[in-house]
Amino acid sequence: MSSWSIIHQPSTPRVPEHLPMRHITGHSSLRSKALGLITLQAALMGLFLIGCASGPRREGETKDYGFEGDSDIVWVRGPWESIRPSGNVDEVIDQLCPAVMELPRARLGEYGQEYCGVIYSFENGLYYASVPSPLKRAEMVGPSRRKSCFSPAVVKDSRGQLEPLADFHSHPWPSSPMSEPDRRRRNQRYRVRIQFDTTCRIQKLVPHIRDALPGEIYERQARSWKLIGYIQPEDKDSGFITPVRP
């Protein structure tokens, strides 16, 4: 903006008293042009200052999560200080539900809010969780049985190149397993998906979206994973589960 300081008001010559009227008229024209130029400079300066100012955040954005530009691509900050990193990813997963359930409206059912985040690692072998984000598509105000949040596509962690492993999200109800939309092929971004409800019933989907293997649904029981169903290759688009026989 300092370049504007070299633009100055053009000087208006002093009109000698002995000049004819036609010369005085000419100097009045110069004065008008000078004033017009000053007005234009002021207008341009206003536009320049507006361009320099940072734009407002979109609704719901914070320093911990936001949208990439005008898109629906969500970024989240990592690591989340509420989750202790571990070389065992299951130890990170076991911490997620209690921490998320402390967030605003995480337990409020039809008046509640889902949260979405990412589990990732560095070359040091430790797994971390991002800050969970409630960002979602616009929806009607009031109670609803349909809740959602955008699975984050970007994790911002200044410590280096990271490797995402899984996304995780909450449901604001009890007795709420992974839904059919949660299981559909088109909604998978990572190798693993973690979901939990307000009772901290945790499920895991290994979708195998890039190969012909069936998807696998597990449930966390007594700190181990129990296979409870398959998503056959022909059912990956719908997310239909074939239960495992006892």
Side-chain angles (χ1 to χ4, degrees), residues 55-83 89 92-93 95-97 99-121 127-158 162-173 176-198 202-207 209-210 215 217 231 236-239:
R57 286 173 171 162
R58 289 167 61 180
E59 183 178 359
E61 290 184 301
T62 72
K63 63 180 179 60
D64 291 327
Y65 45 78
F67 293 101
E68 293 285 344
D70 294 328
S71 73
D72 286 338
I73 297 173
V74 168
W75 63 264
V76 286
R77 181 184 63 79
W80 188 16
E81 291 80 1
S82 297
I83 304 299
V89 68
V92 171
I93 292 171
Q95 298 176 67
L96 291 173
C97 182
V100 170
M101 290 303 142
E102 295 298 319
L103 299 176
R105 299 171 55 217
R107 296 174 175 267
L108 294 186
E110 294 182 3
Y111 293 90
Q113 173 63 59
E114 285 191 5
Y115 287 88
C116 290
V118 178
I119 300 170
Y120 62 98
S121 64
Y127 290 93
Y128 302 84
S130 77
V131 174
S133 160
L135 297 177
K136 61 184 184 299
R137 291 184 177 87
E139 59 184 32
M140 297 290 291
V141 176
S144 172
R145 291 290 299 174
R146 297 177 63 88
K147 300 297 178 181
S148 66
C149 53
F150 288 116
S151 173
V154 178
V155 177
K156 296 186 177 183
D157 189 320
S158 60
L162 58 86
E163 179 66 27
L165 170 68
D167 62 6
F168 64 86
H169 73 279
S170 63
H171 286 178
W173 300 279
S176 181
M178 196 174 292
S179 68
E180 194 168 274
D182 290 338
R183 303 188 302 261
R184 290 173 184 162
R185 186 204 311 258
R186 68 183 181 186
N187 294 328
Q188 309 309 314
R189 173 169 280 126
Y190 300 106
R191 290 174 285 165
V192 177
R193 166 160 282 186
I194 302 295
Q195 178 269 331
F196 43 85
D197 62 17
T198 58
I202 305 172
Q203 292 193 335
K204 175 173 71 173
L205 168 63
V206 183
I209 57 175
R210 294 181 178 85
I217 299 287
I231 302 177
K236 289 183 179 180
D237 287 342
S238 69

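Q95 is linked by a side chain to side chain donor-acceptor pair (under 3.5 Å) to nothing, counting only residues two or more places apart in sequence or in another chain. For S176, the side chain to side chain donor-acceptor pair (under 3.5 Å) partners two or more places apart in sequence, or in a different chain, are H171. Here E114 pairs with nothing under the side chain to side chain donor-acceptor pair (under 3.5 Å) rule; sequence neighbours left out. Shown here are the side-chain contact (heavy atoms from CB on, under 4.5 Å) partners of R184, two or more places apart in sequence or in another chain: E180, P181, R186, N187. Residues passing the side chain to side chain donor-acceptor pair (under 3.5 Å) test with R185 are D237, sequence neighbours excluded.
Of all heavy-atom pairs between G239 and I231, the closest is O-CD1, 4.2 Å. The minimum heavy-atom distance linking S133 with C149 is given by the pair O-CB, 4.0 Å. Considering every non-hydrogen atom in both G60 and Y65, the closest pair reads O-CE1, 3.2 Å.
Side-chain contact between V131 and T62 is absent, with no heavy atoms from C-beta onward closer than 4.5 Å. Under the 4.5 Å side-chain criterion, counting only non-hydrogen atoms from C-beta, S170 is not in contact with C97. Counting heavy atoms from C-beta outward, Q113 and K136 have side chains that approach closer than 4.5 Å. Between R193 and H169 there is a side-chain heavy-atom pair separated by less than 4.5 Å. In this structure the side chain of P164 never reaches within 4.5 angstrom of the side chain of V155, judged on heavy atoms. Taking the side chain as every heavy atom from C-beta outward, E61 and F67 approach each other to under 4.5 Å. The closest side-chain heavy-atom distance from L162 to Y128 is not below 4.5 Å. Taking the side chain as every heavy atom from C-beta outward, P172 and Y111 never approach each other to under 4.5 Å.
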### Task
For side chain to side chain contact (heavy atoms under 4.5 Å, CB included), just list the numbers for M101 and T198, CA-CA rounded to whole Å, side-chain angles, deciding distance to a tenth of an Å, and then say yes or no.
CA-CA 7 Å; M101 290 303 142; T198 58; 4.0 Å; yes
#### Entry: CA sep, side-chain torsions, deciding dist, call: I119, V89, side chain to side chain contact (heavy atoms under 4.5 Å, CB included)
CA-CA 8 Å; I119 300 170; V89 68; 3.9 Å; yes
Determine all donor-acceptor pairs shorter than 3.5 Å in which one atom belongs to a side chain in residues 72-81; sequence neighbours excluded.
residue : atom : partner : partner atom : Å
R77     : NE   : D64     : OD1          : 2.5
R77     : NH1  : P79     : O            : 3.2
R77     : NH1  : E81     : OE2          : 3.2
R77     : NH2  : D64     : OD1          : 3.1
R77     : NH2  : E81     : OE1          : 3.2
W80     : NE1  : S82     : OG           : 3.3

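Between the side chain of Y115 and the backbone N or O of P104, at least one donor-acceptor pair lies under 3.5 Å. Here the side chain of K204 pairs no donor or acceptor atom with the backbone of V192 at under 3.5 angstrom. A donor-acceptor pair is defined here as one N or O able to donate and one able to accept, closer than 3.5 Å; such a pair exists between the side chain of S130 and the backbone of V118. With hydrogens and angles ignored, the 3.5 Å screen pairs a side-chain donor or acceptor of R189 with a backbone N or O of S151.
Here CD1 of I202 is found 7.5 Å from CD1 of I194. Values are rounded to the nearest 0.5 Å. One distance of note links CZ of F150 with CZ of R137; it measures 4.5 Å at 0.5 Å rounding. Between the CE atom in M178 and the CG atom in D197 there is a gap of 11.0 Å [rounded to 0.5 Å]. Atom CZ of R183 is separated from atom CD of Q188 by 10.0 Å, given to the nearest 0.5 angstrom.
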